Amino acid sequence: MTTPAPASRSAADRHGYHHGDLRRALLNAAVEAIEESGATAVSLRDLARRAGVSHAAPAHHFGDKAGLLTAVAVEGFELFADALDATWERTGDFAEVGVAYVRFGLDHRGHFEVMFQPALCRTDAADLTAARARAAESLRRGAALLAARTDGGDRQIATLAAWSLVHGFTALQVSGTLPLPADADPESVARQVTRFLGR
């Protein structure tokens, strides 16, 4: 008896839509769409098409585009905090946390684009506020160490300086406007930059 050839994977299969996990499939489709065309070009109708579900499904789960992008931002900040915390636990080195920041932006471009654009999201959403605060705390811990090494010991200024440095580097790299040689490794350059701040 001949074994039938496996059916081709549907869009829903590609996005992990199994046994009713439609929300996950839609979030995956949203991140993919953002990486391709940017957050402003995302539409609920296109996400439904990508996930292979009815046009009404995204609105059922997220309400509207702002609700969808808020969910993307929440997930992004949670993943971001996980990455920063893991680096802290592994290295205890604030410079390496800065490198993890850059790595996250490069590996999660879709999330990164939405996370720092409050006009796209419901900024008063409780889950977004909590996720953002958790990620910020990882940066504040390192800034406290950085501030202790400065003459004034100003933790607020240290936090601002560190965040501006790594976020600016990441945003420039993600947008393709950072003037690095084609063969340069962004993480290696980021490591040099973050260690320069810590001198």
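Since this is a predicted model, take the numbers as computed values, not measurements.
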Check your understanding: Between CG of Leu172 and NE2 of His167, what distance do you get to the nearest 0.5 Å?
Key -> 9.0 Å
Practice item. Taking Arg109 for its side chain and Val174 for its backbone only, find out whether a donor-acceptor pair lies under 3.5 Å. Key: yes
Check your understanding: Do NZ/NE/NH1/NH2 and the carboxylate oxygens of Glu187 and Arg103 come within less than 4.0 Å?
Key -> yes
Check your understanding: Hey, does Ile34 have a side-chain heavy atom less than 4.5 Å from the side chain of Leu69?
Key -> yes
Review point. Is the shortest heavy-atom distance from the side chain of Phe104 to the side chain of Thr170 under 4.5 Å?
Key: no
Point to revise | 4.5 Å side-chain heavy-atom contact, Leu128 and Cys121 | key: yes
Practice item. Answer yes or no: is there a side-chain heavy-atom contact under 4.5 Å between Glu137 and Asp85? Key: no
Practice item. Report yes if the side chains of Thr194 and Phe94 come closer than 4.5 Å at any heavy-atom pair, otherwise no. Key: no
Exercise for review: Over all heavy atoms of both residues, which pair between Ala131 and Val74 is shortest? Give the atoms and the distance, please.
Suggested key: CB-O, 3.9 Å
**Study point:** From CA spacing to verdict: side chain to side chain contact (heavy atoms under 4.5 Å, CB included), Phe62, Arg23
**Key:** CA-CA 9 Å; Phe62 303 106; Arg23 188 176 190 278; 3.7 Å; yes
Practice item. Without swapping roles, check the side chain of Lys65 against the backbone of Leu120 for a donor-acceptor pair under 3.5 Å. Key: no
Practice item. For the pair Glu113 (side chain) and Ala39 (backbone), establish whether a donor and an acceptor sit closer than 3.5 Å, ignoring hydrogens and angles. Key: yes
Study note, to complete from the structure: Rounded to the nearest 0.5 angstrom, the CZ-NE2 distance for Phe77 and His111 is 11.0 Å
Check your understanding: Would you call Asp64 and Arg122 a salt bridge, taking side-chain N to carboxylate O under 4.0 Å as the test?
Key -> yes
